[in-house]
K.L.:
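Sharing a structure below in C-alpha cells format, with a few things to ask.
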Amino acid sequence: MNSLDEIFDSITDSPIFKDREKLLPDYIPERLVHREQELTRLAQTLAVALRGERPNNIFIYGLTGTGKTAAVKLVTRKLSDRASTRGVRLYPVYINVRQRDTPYRVMSDIAETIGLRIPFTGLATSEVFRRFMAKAKRLRGIMVIVLDEIDFLVKKHGDDILYKLLRANEELENFKISIVGITNSISFVENLDPRVKSSLGEEEIVFSPYNAQQLNDILSERASLAFKDGVLDDDVIPLCAALAAREHGDARRALDLLRVAGEIAERQGDRKVTSRHVMAARIEIERDRVVEIVRTLPMHGKLVLAAVTAMTRGGKNKTTTGEVYDYYRKLVARLGIEEVTFRRVSGIIGELDMLGIIRTRTISRGRYGKTRYIELASSYKPIIDVLAEDSSLEYIARNLEEVINASENSRSL
Ligand SMILES: Nc1ncnc2c1ncn2[C@@H]1O[C@H](COP(=O)(O)OP(=O)(O)OP(=O)(O)O)[C@@H](O)[C@H]1O
Ligand SMILES: [Mg+2]
C-alpha cells in the first residue's frame, strides 16, 4: 500500500512541469507568435460576418505543423465570442475530415450545428443535405464551416459534397455559408477541380514553414507556461528548435521534442532538462512514429518492408526493387500465402517511401535504363519488434535479426 501512496504522492508534484498540457498538440495558445500576418488576414476576412455579410471562402495551405489549425481555431473562437456579445447569429462549425471521414459524417455535423438531429446511419447523404437546406432556408445568420485536412475527404470521396456546399448559397437568402478549407497536401492543391478551386480560393492564405529562430520564440513562449522556472538548461530550446527546423520547420515536432524531453527527465528523476534528454526524446519519438506506421501496414506491406530490411542489412546498404521482390517471394513462400505481382511490390515500395519509412532514388544508367535504389529511412529495431508482434511473422522477424547480426559480425572481423 505504501508504494501506491508513494506513486500518487510523487505524481501530484512534478519537479519539471508546471502545466504539461500547455505542450500537448491540441492546446490552442492565446497568442501565436510569427503568425500576425496570417491571423490578421483571417480575422479581416471573417470579421464581416459580424455585420451580417458572408465572408469570402478561404483556402489555407501550408506544410504540417505550421500553425494552420491553431490559427483558424483561435480566430473562429474569438469571432464567435464577439458574435454572441453583439447578438449576431453566427454558426461556426469545425470539422476535421480526417477524423470525420465520410461525407455523411461531415453533413451530419453541419446539419446538427443548426439544431437538426441526424441518426448515425440510415439516411442517404443527399437526404441529410436536403434537410439541412430546408432548415437553412428558414434561418437567418452566417455559418462558417471549417473543413480541416480537407484533402482526406476529397481523396476518398471526391469533391461532390464540397461542390454542393460551395453552391448552397445560390439557393439561400438570409442564411449564408462560408467555407474555410485547410490542407497540407501540395498534390491536393494541384489536382483540385478548377471550379472548386476558384470558389474555395476566394481568399488564399499560405502558411510558410518556421525557421529555427521563429521556432525558438514559439517554444520559449510555451515553455514559460509549461515548465517550472529554471528547469530548462539554456541549450534545450535552441536544440529542439534547430532539430525541428532541419525537418521543414514543424512547430508540432519542436513542441513534441520539448515535451518528451521533459517527460524523460521526469521519468529519470532528474531536476533539470538537458540536451541529453532532447536527444533521447528524438529517438523515442522517431521510434514511436515507426512503430505506428509499421503496425498499420497490411500484410504485404509488412513483408515488403521486411525484405527491404533484410536486403539492406538493417539499413547499412542500398538495394533494388528486383532484390526486394526476390526476397519477398521467399517470405511469401515460407508463409504459404499468395504473392502479389512485381508491379504491386513496386507500388508498395513507393507507398513505404511516401510514409517516410524507406527512401528511394531513381538513377539513370544510360542505355541500361533506370535503377531505383532503396534505403531504409529509419532504424531497423522498431521494425523488427513490430513484425514480431504478429505471431505469423515472428519467425521472419527473428530471421531478420540473424541476417543483420551476421552482417555486423562479418564487418567487425
Ligand atoms: N506561432 C505559433 N505559436 C505557438 N504555437 C504554435 C504556433 N504555430 C504552431 N503552434 C503549435 O504547433 C502545433 C502544430 O500546429 P497546428 O496543429 O496548427 O499545425 P497545422 O499547420 O495544422 O499542421 P497539420 O497540417 O499537420 O495539421 C500546435 O500545438 C500549435 O499550437
Ligand atoms: Mg492541422
Side-chain angles (χ1 to χ4, degrees), residues 17 19-43 58-78 93-101 106 145-155 179-190 192 204-227 237-238 240-263 281 285 288-289 292-293 354-356:
F17 292 109
D19 186 356
R20 195 181 70 95
E21 292 195 359
K22 296 280 176 358
L23 293 173
L24 291 178
D26 41 11
Y27 169 74
I28 308 293
E30 270 300 301
R31 264 162 46 95
L32 293 171
V33 284
H34 299 299
R35 283 298 177 231
E36 291 77 15
Q37 234 180 322
E38 293 80 358
L39 290 170
T40 306
R41 283 238 358 240
L42 265 172
I58 308 175
F59 187 51
I60 296 180
Y61 168 72
L63 292 179
T64 186
T66 50
K68 304 180 296 297
T69 300
V72 169
K73 282 192 167 171
L74 183 64
V75 172
T76 48
R77 190 203 288 158
K78 295 222 157 154
V93 50
Y94 170 89
I95 308 169
N96 181 309
V97 299
R98 173 141 70 135
Q99 284 148 16
R100 308 284 296 159
D101 65 346
V106 171
I145 305 174
V146 179
L147 300 173
D148 201 351
E149 312 207 39
I150 192 171
D151 44 307
F152 279 84
L153 180 73
V154 175
K155 226 179 282 162
I179 297 185
V180 181
I182 307 177
T183 183
N184 60 26
S185 161
I186 184 102
S187 60
F188 172 76
V189 182
E190 284 163 356
L192 201 57
E204 277 186 27
I205 307 180
V206 176
F207 281 55
S208 48
Y210 296 114
N211 62 31
Q213 185 53 51
Q214 291 171 326
L215 289 172
N216 214 79
D217 297 341
I218 292 170
L219 290 180
S220 304
E221 180 114 0
R222 294 286 272 276
S224 63
L225 303 172
F227 287 98
I237 286 178
C240 293
L243 289 173
R246 229 192 272 163
E247 292 172 40
H248 82 249
D250 178 345
R252 183 183 298 113
R253 183 83 176 164
L255 285 161
D256 281 348
L257 274 168
L258 187 61
R259 188 193 75 245
V260 175
E263 288 168 357
I285 291 169
D288 289 351
R289 189 184 71 89
E292 185 67 24
I293 292 172
M354 291 235 293
L355 289 168

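Counting convention: from 1, in listed order, for ligands and their atoms alike.
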K.L.:
Which residues pass the ring pair (Phe, Tyr, Trp, His ring centres under 6.0 Å) test with F59, sequence neighbours left out?
P.N.:
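Ring pair (Phe, Tyr, Trp, His ring centres under 6.0 Å) list for F59, sorted by chain: empty.
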
K.L.:
Can you list the ligand 1 atoms lying under 4.0 Å from a non-hydrogen atom of Y210?
P.N.:
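Matching atoms, with element in brackets: 1 (N), 2 (C), 7 (C), 8 (N), 9 (C).
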
K.L.:
So P238 and N216, do their side chains get closer than 4.5 Å, heavy atoms only?
P.N.:
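They are in side-chain contact.
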
K.L.:
Can you name the side chain to side chain donor-acceptor pair (under 3.5 Å) partners of R35, sequence neighbours left out?
P.N.:
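Here the qualifying residues are E38, Y210.
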
K.L.:
Go through ligand 1 atom by atom and flag the ones less than 4.0 Å from a non-hydrogen atom of I218.
P.N.:
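Counting atoms of ligand 1 from 1, those under 4.0 Å from I218 are 1 (N), 2 (C), 3 (N), 4 (C), 5 (N), 6 (C), 7 (C).
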
K.L.:
Counting from 1, what ligand 1 atoms have a heavy atom of N184 closer than 4.0 Å?
P.N.:
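In order of numbering, the contacting atoms are 24 (P), 25 (O), 26 (O).
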
K.L.:
With heavy atoms of P29 as the reference, note each atom of ligand 1 found under 4.0 Å away.
P.N.:
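Matching atoms, with element in brackets: 4 (C), 5 (N), 31 (O).
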
K.L.:
Side chains of residues 148-155: which donor-acceptor pairs under 3.5 Å do they make with residues two or more places apart or in other chains?
P.N.:
unit_1, atom_1, unit_2, atom_2, d
D148, OD2, T69, OG1, 2.7
D148, OD2, Y94, OH, 2.6
E149, OE1, R98, NE, 3.0
E149, OE1, R98, NH2, 3.2
E149, OE2, N96, ND2, 3.2
D151, OD1, T183, OG1, 2.9

K.L.:
Relative to the heavy atoms of G67, which atoms of ligand 1 are at a distance of less than 4.0 Å?
P.N.:
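Selected atoms, number and element: 8 (N), 9 (C), 15 (O), 16 (P), 18 (O), 19 (O), 20 (P), 21 (O).
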
K.L.:
Just the protein N/O/S atoms under 2.8 Å from the Mg ion (ligand 2), please, no waters.
P.N.:
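You should have found T69 OG1.
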
K.L.:
Please identify which atoms of ligand 1 are closer than 4.0 Å to at least one heavy atom of Y27.
P.N.:
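So the answer, numbered in order with elements, is 31 (O).
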
K.L.:
Return the option from R252, E38, R31 holding the heavy atom at the smallest distance from atom 14 (C) of ligand 1.
P.N.:
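Minimum heavy-atom distance to atom 14 (C) of ligand 1 goes to R252.
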
K.L.:
Which one holds for P25 and ligand 1: side chain close, backbone close, both close, or neither close, with close meaning a heavy atom under 4.0 Å?
P.N.:
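It is the backbone that gets close, since no side chain atom is under 4.0 Å.
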
K.L.:
Just by distance, do the side chain of K68 and the backbone of L63 share a donor-acceptor pair under 3.5 Å?
P.N.:
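Here the side-chain-to-backbone pair exists.
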
K.L.:
Taking N or O atoms only and a 3.5 Å limit, does G62 qualify as a polar contact for ligand 1?
P.N.:
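No, G62 has no N/O under 3.5 Å of an N/O on ligand 1.
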
K.L.:
Looking at ligand 1, is there an atom of it that comes within less than 4.0 Å of some heavy atom belonging to R222?
P.N.:
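Contact present.
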
K.L.:
Would you indicate which of L74, V33, L255 comes nearest to atom 1 (N) of ligand 1 when only heavy atoms are counted?
P.N.:
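The option holding the nearest heavy atom is V33.
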
K.L.:
Roughly how far apart are R253 CZ and L215 CG, rounded to 0.5 Å?
P.N.:
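Here the interatomic distance stands at 12.0 Å.
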
K.L.:
What do the steps show when you test F207 against Y61 for ring-ring contact (aromatic ring centres under 6.0 Å, His included), and what is the final call?
P.N.:
CA-CA 6 Å; F207 281 55; Y61 168 72; 9.8 Å; no

